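All remarks here apply to the structure that follows.
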Amino acid sequence: PLCSNNNPYASFGATLARDEEQNLWSTPHDVTHTEADDDRVLYNMIVVRNQLDKDSEEWQKLNYDIYTLRQTRKEVRNRWKRILEDLGFQKEADSLLSVTKLSIISDSQNMSKARDILLKLSEETNIFPTSWELSERYLFVVDRLIALDAADEFFRMASVAYPKRPSGEKVDESP
């Protein structure tokens, strides 16, 4: 038979396709995503899209929305990485931004300060797009910056690199 149920390699291609579809961030096989609400939203969009006919308008719209969300996340991550590198964390930037299901807050006393700094970044800078809902992922990153005594300097650099603009003013995103 062309297809056998006892072939251990029969599902290999399907597994790769599933891995690609469950990539919740921006790069293939990215295992750094968390089980946060924003991950579940994206995952649910992928599941719904995969149940639709590829030629349908709904499939195309969902596919575009998924692509846009991934690009936005990638852009935000790149902004954070650029600031971390400017702070001198060239070799550590990727590991500082890596958040997995196993990530923990280094010190529970830092949690409140990390939340405050993250909220301040959101309100006083354009490091996040205006439509962005704060991601738990960056709470872990800010916690790491607090542990490294670099959180305040990160905020200062983010304020300079991505200053908040009045709502009517056009933002120039070019470096």
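Predicted model only: the values in this text are computed from it and were never measured.
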**Study point:** Contact summary for A150 and L87, nearest pair of heavy atoms
**Key:** O-CD1, 4.3 Å

Check your understanding: Got a sec, which pairs hit salt bridge (Lys or Arg N to Asp or Glu O under 4.0 Å) with one end in residues 109-131, sequence neighbours left out?
Key -> none

Practice item. Hey, could you give me the CG/CD1 distance between N78 and I83, rounded to the nearest 0.5 Å? Key: 11.5 Å

Practice item. Might you work through the salt bridge (Lys or Arg N to Asp or Glu O under 4.0 Å) test for E57 and K61, ending with a clear yes or no? Key: CA-CA 6 Å; E57 192 174 314; K61 183 185 180 324; over 6 Å; no

Revision key, fill the gap. dist Y43:OH -> I66:CD1 (nearest 0.5 Å) comes out at 12.0 Å

Point to revise | Euclidean distance, L148 CG relative to L84 CG, rounded to 0.5 Å | key: 9.5 Å

Review point. Would a hydrophobic clustering, with Ile, Leu, Val, Met, Phe, Trp and Tyr connected at side-chain separations under 4.5 Å, put W59 with V41?
Key: yes

Check your understanding: For P129 and V76, which heavy atoms make the closest approach, and how far apart are they?
Key -> CD-CG2, 3.4 Å

Review point. Has the side chain of S122 got a donor or acceptor atom that lies under 3.5 Å from a matching backbone atom of L118?
Key: no

Review point. In this structure, which one of I117, I146, I127 forms a side chain to side chain contact (heavy atoms under 4.5 Å, CB included) with F154?
Key: I127

Practice item. Measure the shortest side-chain to side-chain distance between R82 and Y162 over non-hydrogen atoms and say whether it is less than 4.5 angstrom. Key: yes

**Study point:** Note, K164 side chain near N126 side chain (heavy atom, < 4.5 Å)
**Key:** yes

Review point. Same cluster for M45 and Y64 if Ile/Leu/Val/Met/Phe/Trp/Tyr side chains link at under 4.5 Å?
Key: no

Practice item. Using a 4.5 Å cut-off on heavy atoms from C-beta on, say whether the side chain of V47 contacts that of Q51. Key: yes

Review point. What are the two closest heavy atoms between L52 and L62, and how far apart are they?
Key: CD1-CD1, 3.8 Å

Practice item. Starting at OG of S98, measure out to CD of E92 and round the result to the nearest 0.5 Å. Key: 13.5 Å

Review point. Atom CZ of F89 and atom CG of L145: how far apart are they, to the nearest 0.5 Å?
Key: 6.5 Å

Review point. Relative to the ring of F128, is the ring of W80 parallel (under 30°), tilted (30 to 60°) or perpendicular (over 60°)?
Key: tilted

Practice item. Would you please name every residue forming a side chain to side chain donor-acceptor pair (under 3.5 Å) with K81, sequence neighbours left out? Key: D94

Practice item. Looking only at non-hydrogen atoms, find the nearest pair between L121 and A158 and report the distance. Key: CD2-CB, 3.6 Å

Review point. Is the shortest heavy-atom distance from the side chain of R73 to the side chain of L42 under 4.5 Å?
Key: yes

Exercise for review: Kindly give the heavy-atom pair with the smallest separation between E85 and A93, and that separation in Å.
Suggested key: CG-CB, 4.1 Å

Review point. Which atoms form the tightest heavy-atom contact between Q60 and D55, and what is the distance?
Key: NE2-O, 4.3 Å

Review point. Is atom CG of D149 surrounded by more than 12 heavy atoms (other residues, nucleotides or ligands) closer than 6.0 Å?
Key: no

Point to revise | R156 and E153: CA distance, side-chain angles, deciding distance, salt bridge (Lys or Arg N to Asp or Glu O under 4.0 Å) verdict | key: CA-CA 5 Å; R156 189 190 65 70; E153 186 64 15; 2.5 Å; yes

Check your understanding: When clusters are formed by joining ILVMFWY residues with side-chain heavy atoms under 4.5 Å apart, either directly or through shared neighbours, do L119 and M157 land in the same one?
Key -> yes

